[in-house]
Amino acid sequence: MVKVITYGTYDLLHYGHIRLLERAKALGDYLIVGVTADDFDKRRGKINVQQSLIERIEAVRATGLADEIIVEEYEGQKIDDIRRYDIDIFTVGTDWKGKFDYLNEYCRVVYLERTEGISSSEIRKESHLLKLGLAGESDYLNKVAAESLFVNGVVLTGICTGNAPAMSEQIRKLPCVTKDFDRLLDVSDAVYIHSLPQLHYAQVKEALMRGRHVLCESPLALSREECRELYDIARDRNCVLMDVLRTAYSTAYHRLRLLLKSGAIGKVVSVEATCTSLRGISEQETGETNKLWGSITAWGPTALLPVFQILGKNYTKKEIVTHVLSSDSIYDDFTRIDFVYPDAIASIKVGIGVKSEGELIISGTKGYVYVPAPWWKTDYFEIRYENPTDNRKYFYQLDGEGIRYEFASFAKAVEKNRVNRYIEENISEAICGIMEDYIIRKDVLFIR
Ligand code: C2G
């Protein structure tokens, strides 16, 4: 019996896939098809896969061409499988020609002509093309624009900014470059908002009221009530509203949360998060302190994310210690917030006028998690125990700091009209609540 094996994602199964499977089957008597696991696809850069692993397996099974279906989960698994299943022929389309010649050491390698004119990514693009506008002043948008190119089905339509000179050529060449937010909404199905925090609520509300989907850099608003109102409007208008922090979309951070939930370090009793980045001193000297991101708005949401997602939002007490340029300003160049919970504590330090070690430390009754700087865009963390031989290290590929994953998740949510929230609504609201308390000076102590 001649045994054949082939592998693929098989997303949105189409006749190009089926023709490949038919010819693979014809090469022998028994065909094994390896369908790629979600994680494996993500690690090899395929972030736009629409269907779940189960859906893709069922689609391959329904063709009746596979005698056996397995899951491909890790780099190098093909060699293990060829040995394990005593394979005679490995085959794959000619788009991979040459890439698997090394398997000739284990079995015959056959490249089958790829079917031109069809691909899953083309189907994804055709099924929905999301016209996305950008809004904001920060050159962070240059990174965002570059990342959007990795996401199937998203096309940038323009930008609303008062800072066009700071933008990349890719942005400056967009069809609509305007200072008028309404004009941007005219040409977009959705907007990504990274404007000054004081503008978020009004812009998100305007976009939602016009039926546009919204991806907004946290904080969504500067008060709990406004945050709740925005989510209510999104529901009423059947629009997707996603609060974003790239950290929430990093696989390492997501897996870290799962390990904590599974009790990997016992009961969590402390979360300490530090985020600092020295921004241009000139910004501090402009004196227009109400026109800038302060530390609490620039870094607060990021540092608060693990605190609220791990310990919850029901702290019993907090103290905000802050250093501001002037008593009436919300431009703080350094702020520390300490939280007391019924059975835990947390502390965040944020600064755009101060430099410190940007690490995340989560302490538990059995061990602790150490995430090195810059933890907010990490691909790596350690779990450490009393006995160092028990320590474990984790690495998860993070392409583009997580921004492309945000966009892929958003595009999928809009297409399926179902949001897979990485930042829960109540967490969004808790973050906005801290902004609110800071601005009304609740629980705030000033240092000079
Ligand atoms: N294919 C094809 N014609 C197309 C599209 C795909 O012949 N128009 C073939 C591919 O060459 C591959 C199989 O169908 O052999 C599955 O394609 P994908 O689902 O895109 O998977 P891919 O990422 O190419 O997986 O490690 C090998 C990879 O897993 C192959």
Side-chain angles (χ1 to χ4, degrees), residues 39 218-219 224 243-276 296 299-321 335-351 356-396 398 402 420-435 437 443:
D39 217 20
S218 199
R224 296 170 180 82
D243 186 359
V244 288
L245 287 165
R246 56 189 157 167
T247 308
Y249 294 80
S250 102
T251 307
Y253 175 79
H254 186 67
R255 291 296 165 83
L256 161 58
R257 287 186 65 197
L258 298 179
L259 284 165
L260 293 176
K261 284 189 173 25
S262 68
I265 59 169
K267 177 172 174 26
V268 176
V269 294
S270 165
V271 177
E272 299 158 276
T274 301
C275 304
T276 64
I296 194 68
W299 281 118
T302 300
L304 289 166
L305 188 71
V307 172
F308 289 148
Q309 287 192 319
I310 295 167
L311 296 177
K313 61 189 185 68
N314 299 321
Y315 53 86
T316 48
K317 198 174 85 165
K318 74 173 175 294
E319 181 186 59
I320 302 176
V321 180
T335 293
R336 191 190 75 191
I337 306 181
D338 293 327
F339 295 93
V340 176
Y341 286 78
D343 55 358
I345 53 172
S347 182
I348 69 164
K349 286 200 294 283
V350 292
S356 181
E357 186 62 23
E359 58 193 12
L360 171 62
I361 298 175
I362 303 162
S363 310
T365 53
K366 287 185 193 164
Y368 70 95
V369 174
Y370 176 71
V371 191
W375 68 266
W376 52 87
K377 52 182 180 181
T378 191
D379 53 12
Y380 169 80
F381 62 89
E382 294 181 25
I383 297 188
R384 296 176 178 168
Y385 295 96
E386 190 57 43
N387 177 354
T389 57
D390 296 332
N391 290 358
R392 280 177 278 170
K393 298 181 177 181
Y394 297 84
F395 171 81
Y396 295 98
L398 178 68
N420 172 19
R421 263 190 216 298
Y422 285 73
I423 303 180
E424 303 82 352
E425 284 189 31
N426 66 340
I427 301 295
S428 281
E429 185 186 329
I431 289 171
C432 294
I434 296 294
M435 303 301 123
D437 290 351
D443 302 330

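None of these values were measured; they are calculated from a predicted model.
- Minimum interatomic distance between R384 and N391 (heavy atoms only, all atoms of both residues): CA-OD1, 3.2 Å.
- How far CG of L360 is from CD1 of I348: 11.5 Å, rounded to the nearest 0.5 Å.
- To the nearest 0.5 angstrom, T247 atom OG1 is 14.0 Å from H254 atom NE2.
- Closest non-hydrogen pair, R255 versus F381, comes out as C-CZ, 4.5 Å.
- Taking the side chain as every heavy atom from C-beta outward, L260 and I265 approach each other to under 4.5 Å.
- No donor-acceptor pair closer than 3.5 Å links the side chain of T276 to the backbone N or O of G351.
- Classified by interplanar angle (parallel below 30°, tilted 30° to 60°, perpendicular above 60°), the ring pair Y394/Y396 is parallel.
- In terms of heavy-atom proximity, K349 sits nearest to S356 at CE-OG, 4.4 Å.
- Atom NZ of K317 and atom CD1 of I345 lie 11.5 Å apart (nearest 0.5 Å).
- The CG atom of L258 lies 11.0 Å from the OH atom of Y253; values are rounded to the nearest 0.5 Å.
- Side-chain atoms of T378 do not come within 3.5 Å of backbone N or O of W375 as any donor-acceptor pair.
- The side-chain heavy atoms of T365 and V269, taken from C-beta on, include a pair separated by under 4.5 Å.
- When all heavy atoms of R224 and D437 are compared, the closest pair comes out as NH2-OD2, 2.9 Å.
- Annotation: side chain of L305 is in contact with side chain of I427 (closest heavy-atom distance under 4.5 Å).
- The side-chain heavy atoms of T335 and I320, taken from C-beta on, include a pair separated by under 4.5 Å.
- Counting heavy atoms from C-beta on, the side chains of V268 and Y341 never come closer than 4.5 Å.
- Atom-to-atom distance recorded for W299:CH2 and L245:CG is 10.0 Å, nearest 0.5 angstrom.
- In this structure, P301 and I296 approach most closely via the heavy-atom pair CD-O, 3.4 Å.
- Within a 6.0 Å sphere centred on CD of E357, other residues, nucleotides and ligands contribute more than 12 heavy atoms.
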Determine whether V307 and F339 satisfy the following criterion, side chain to side chain contact (heavy atoms under 4.5 Å, CB included), listing intermediate values before the conclusion.
CA-CA 9 Å; V307 172; F339 295 93; 4.2 Å; yes
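- You'll find the side chain of I362 stays beyond 4.5 Å of the side chain of P306, heavy atoms only.
- Counting only heavy atoms from C-beta outward, the side chains of R336 and S347 approach each other to under 4.5 Å.
- Counting all heavy atoms, side chain and backbone alike, G300 lies closest to V350 at N-CG1, 4.0 Å.
- Residue M435 holds its CE atom at 5.5 Å from CG of L304, rounded to the nearest 0.5 Å.
- Relative orientation of the F308 and Y315 rings is parallel, given thresholds of 30° and 60° on the angle between their planes.
- F395 is listed as a side-chain neighbour of D379, based on a closest heavy-atom distance under 4.5 Å.
- Between the side chain of E359 and the backbone N or O of E272, no donor-acceptor pair lies under 3.5 Å.
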